[in-house]
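Let me begin by presenting the structure, written as structure tokens, before commenting on it.
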Amino acid sequence: MPAGLVQTYRAFAHNNAWANHRLLTACAALSQADFEAERTGFFPSLQRTLNHVHVIDLFYVDALEGGWLGPAAWKNDVPHLSLAALKPAQAAIDKRLIAMCDALTPEILNGIVRINRDTRVQAERRDRLLMHLFQHQIHHRGQAHAMLSETSVAPPQLDEFFAEGEAPLRATEFDQLGWTEETVWKA
């Protein structure tokens with residue numbers, strides 16, 4: 001497996017964190033009532049949808065790190081009632097995912113992850129599990145994006161993937177995250 005593929009997973013982890021940062025920053029302009037308001041979606045509010053993203057991230061990142069948290073991750077399906085509590089918690093799990101992806105090698109990427117499902121242990125190749133996790137995040141952020149469209153807050157653009165010519169457009173957000181373009185694209 002070429003090193004370029006490992007870099008792709010690193011870039012996906014950074015893009016995931018950036019999209020979460022953009023979405024949660026936009027949601028910060030909402031009132032608590034708007035954050036909790038019932039809306040159309042798989043999880044019927046921004047609060048519930050964004051907390052779902054967080055708890056599933058906890059579940060999978062823990063497993064990817066070799067942990068055994070399992071379904072206890074969603075024992076409380078809304079662990080962060082306010083956006084002020086959710087945003088730093090999501091940033092912390094995003095940093096863990098980035099650190100895990102930064103440590104990838106072709107051998108680690110091809111390795112097997114054991115996932116505690118309480119009644120069974122699921123074994124998945126790390127690359128496949130990462131693809132599953134990124135797809136899950138994209139799916140539910142899209143639902144939150146649509147929900148945000150129903151409010152007075154304009155949803156941020158989330159359909160970008162670090163186009164080189166658009167680096168100046170994300171420089172402020174990268175600065176907020178403590179990143180540079182080199183952070184994402186290091187060899």
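Hydrogens, waters and symmetry mates play no part in the numbers below; they use all other heavy atoms, side chains included.
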| request: Indicate whether any N or O donor in one side chain lies under 3.5 Å from an N or O acceptor in the other, for Asp94 and Gln90. | output: yes
| task | Verify side-chain hydrogen bond (donor to acceptor under 3.5 Å, both in side chains) between Asn110 and Arg126, making sure each step is shown before the conclusion. | result | CA-CA 6 Å; Asn110 283 319; Arg126 185 174 307 272; over 6 Å; no
| request: Report yes or no: do His132 and Gln135 form a side-chain donor-acceptor pair below 3.5 Å? | output: no
| message | Between Phe162 and Phe12 (judged by ring centroids, cut-off 6.0 Å), do the two rings come close enough to count as a pair? | response | no
| request: Drop me the distance from His14's NE2 to Leu97's CG, to the nearest 0.5 angstrom. | output: 9.5 Å
| request: Using distance alone, with no hydrogens and no angle criterion, decide if Trp18 and Glu173 have a side-chain donor and acceptor under 3.5 Å apart. | output: yes
| task | Please check if the distance between the ring centroids of His136 and His52 is under 6.0 Å. | result | yes
| said: Just by distance, no angles: are the side chains of Thr180 and Glu182 close enough, under 3.5 Å, to form a donor-acceptor pair? | reply: yes
| Any Lys/Arg nitrogen of Glu38 or Arg48 sitting under 4.0 Å from an Asp/Glu carboxylate oxygen of the other? | no
| said: Are the side chains of Asn51 and Leu81 in contact, using a 4.5 Å heavy-atom criterion? | reply: no
| task | Hey, could you give me the CD/CZ distance between Gln176 and Arg22, rounded to the nearest 0.5 Å? | result | 10.5 Å
| said: Applying side-chain contact (heavy atoms from CB on, under 4.5 Å) to Thr105 and Val6, what does each step give before you reach the verdict? | reply: CA-CA 6 Å; Thr105 64; Val6 170; 5.7 Å; no
| query | Under a 4.0 Å N-O cut-off, is there an ion pair linking Arg114 with Glu124? | reply | no
| query | Are the side chain of Ser45 and the backbone of Arg39 linked by a donor-acceptor contact shorter than 3.5 Å? | reply | no
| task | For the pair Arg96 and Asp57, find out whether any cationic side-chain nitrogen is under 4.0 Å from an anionic carboxylate oxygen. | result | no
| query | Can a donor-acceptor pair be found between the side chains of Gln32 and Asp34 at a distance below 3.5 Å? | reply | no
| field | Taking every non-hydrogen atom, the tightest pair across Leu46 and Met147 | value | N-SD, 3.6 Å
